[in-house]
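Quick caveat, the model's predicted, so the values are computed rather than measured.
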Amino acid sequence: MMKQHLLPIISNVQVSERYWHMKVDTETMRDSIEPGQFFHIRCSDGISPFLRRPFSIYRINRTEDTIEFLYLVKGEGTKDLTRKQPGETADLVGPLGYGFQLQPSYDEILLTARGVGIATLAALAQDAQNKGVRCTAILSARSKNDLLAAETLQDFGADVYNVTEEEGTSDVDAVETLMRDIIGSKNITSLYTCGSRRLSRLNQRLADEYGLPGEIALEEQMGCAMGACFACVCDIDENGKRKSVRVCLEGPVFPLEKVVIQ
């Protein structure tokens, strides 16, 4: 059942040239929120843009009853969202979808993320710290200015490696070498990824080679976020047969080996 929440905005600030960070008060919410889930947020108080936008959860602060979103300002919707001020109300529907599964048997996990996908995996690193699971993260971006979650993940105890186009360190071959070094030197028991098709294919290949489980959080444009519009359909391989699923309803997190990455 989808639930609408009108939540007070605590802060909404620009943190780099392209990214903003918003924190909202969830004291009135009684829903359980898990890493990997998302909220469908109304960005404008006017008629246009009409559709909500999906935002993955960046941080879940259970003791202070707040959640945080790190979002890329890209179109009219997110531009309108930047105009929201502290004290105003955020109109959210959620939490939606299925999140990450952090199994009790996992000793150390390896995260690889690109761009705003880093925000999606930050909440997972936070959950790993809370459960005593060690975490290593490879964060990829255009430039150092876009590596906004690196310090946050380090605060969660993650061992963070930054790669960027600016420094010429973010190509897939370089990331593969780094991933192999980490898997070979640490007790990595699962892989998680978000934000890049090339990194996702790399994760699939290495997970198969090393016999590791993994999960992927998919990013798709969504119209309704309730499974009715079929705007966010992707293909998965289920028992050797390809079938279509809706990212908003059956995802956005899927087993890594099942997703058909175009």
Please report, to 0.1 Å, the donor-acceptor pairs under 3.5 Å made by any side chain of residues 166-179, with sequence neighbours excluded.
from   : atom 1 : to     : atom 2 : distance (Å)
Glu166 : OE1    : Lys144 : N      : 3.4
Glu167 : OE1    : Thr164 : OG1    : 3.2
Glu167 : OE2    : Lys144 : NZ     : 3.4
Thr169 : OG1    : Thr164 : N      : 3.0
Thr169 : OG1    : Thr164 : O      : 3.4
Ser170 : OG     : Glu165 : N      : 3.3
Asp171 : OD2    : Asp173 : N      : 3.3
Asp171 : OD2    : Ala174 : N      : 3.1
Glu176 : OE1    : Arg205 : NH2    : 3.0
Glu176 : OE2    : Arg180 : NE     : 3.1
Glu176 : OE2    : Arg180 : NH2    : 3.1
Glu176 : OE2    : Arg205 : NH1    : 3.2
Thr177 : OG1    : Asp173 : O      : 3.1

Give a yes or no answer on whether the side chain of [X] reaches the backbone of [Y] with a donor-acceptor pair at less than 3.5 Å.
X      : Y      : result
Thr112 : Thr193 : no
Asn203 : Leu199 : yes
Thr26  : Met29  : no
Asn12  : Leu81  : yes
Gln204 : Val259 : yes
Ser190 : Pro213 : yes

How long is the span from the [atom1] atom in [X] to the [atom2] atom in [Y], to the nearest 0.5 Å?
X      : Y      : atom1 : atom2 : result
Leu72  : Arg18  : CG    : CZ    : 5.0 Å
Ile9   : Thr89  : CD1   : OG1   : 7.0 Å
Ser56  : Ile118 : OG    : CD1   : 11.0 Å
Ile60  : Gln37  : CD1   : CD    : 7.5 Å
Leu121 : Asp127 : CG    : CG    : 12.0 Å
Tyr192 : Leu110 : OH    : CG    : 11.0 Å

Does [X] have more than 12 heavy atoms from other residues, nucleotides or ligands lying within 6.0 Å of its [atom1]?
X      : atom1 : answer
Glu64  : CD    : yes
Tyr106 : OH    : yes
Arg198 : CZ    : no
Glu209 : CD    : yes

What I'd like to find out is whether the side chain of [X] reaches to under 4.5 Å of the side chain of [Y], using heavy atoms alone.
X      : Y      : answer
Arg59  : Phe156 : yes
His40  : Leu51  : no
Glu257 : Asp208 : no
Tyr98  : Glu250 : no
Val73  : Thr78  : yes
Tyr71  : Ile41  : no
Phe100 : Thr120 : yes
Ile33  : Phe39  : yes

Heavy-atom pair with the smallest gap, counting every atom of [X] and [Y]:
X      : Y      : answer
Asp31  : Lys3   : OD2-CD, 3.3 Å
Thr82  : Lys79  : OG1-O, 2.5 Å
Leu256 : Ser200 : CD1-O, 4.2 Å
Met222 : Pro54  : SD-CB, 3.9 Å
Arg246 : Gly227 : NH1-O, 2.8 Å
Ala217 : Cys194 : O-SG, 3.3 Å

Flag yes if [X] and [Y] sit in one hydrophobic cluster, no otherwise; membership is Ile, Leu, Val, Met, Phe, Trp, Tyr, and two members link when side-chain heavy atoms are under 4.5 Å apart.
X      : Y      : answer
Phe55  : Leu218 : no
Ile138 : Tyr210 : yes
Met22  : Tyr19  : no
Val247 : Leu249 : no
Val163 : Leu202 : yes

Determine, stepwise, if the pair Leu70 / Thr152 fulfils side chain to side chain contact (heavy atoms under 4.5 Å, CB included). CA-CA 11 Å; Leu70 182 66; Thr152 298; over 6 Å; no

Evaluate the criterion salt bridge (Lys or Arg N to Asp or Glu O under 4.0 Å) for residue pair Arg134 and Asp159; output intermediate values, then yes/no. CA-CA 9 Å; Arg134 294 186 300 277; Asp159 189 5; over 6 Å; no

Verify whether one side chain among [X] and [Y] offers a donor that lies under 3.5 Å from an acceptor in the other.
X      : Y      : value
Thr66  : Glu68  : no
Ser244 : Asp235 : yes
Glu108 : Thr136 : yes
Gln103 : Ser105 : no

Could you give me the CA-CA distance, side-chain angles and deciding distance for His21 and Tyr58, then say whether side chain to side chain contact (heavy atoms under 4.5 Å, CB included) is met? CA-CA 9 Å; His21 175 269; Tyr58 178 46; 3.7 Å; yes

What verdict does the side chain to side chain contact (heavy atoms under 4.5 Å, CB included) test give for Leu111 and Cys135, after you've listed the backbone C-alpha separation in whole Å, the side-chain angles of each residue and the deciding distance to 0.1 Å? CA-CA 8 Å; Leu111 319 181; Cys135 180; 3.6 Å; yes

Side-chain donor/acceptor pairs under 3.5 Å, residues 236-243, sequence neighbours excluded:
from   : atom 1 : to     : atom 2 : distance (Å)
Asp237 : OD1    : Gly240 : N      : 3.1
Asp237 : OD1    : Lys241 : N      : 3.3
Glu238 : OE2    : Lys258 : NZ     : 2.8

How far apart are the C-alpha atoms of Asn187 and Thr189, what are their side-chain angles, what is the distance that settles it, and do they pass the side chain to side chain contact (heavy atoms under 4.5 Å, CB included) test? CA-CA 6 Å; Asn187 186 29; Thr189 46; 4.2 Å; yes

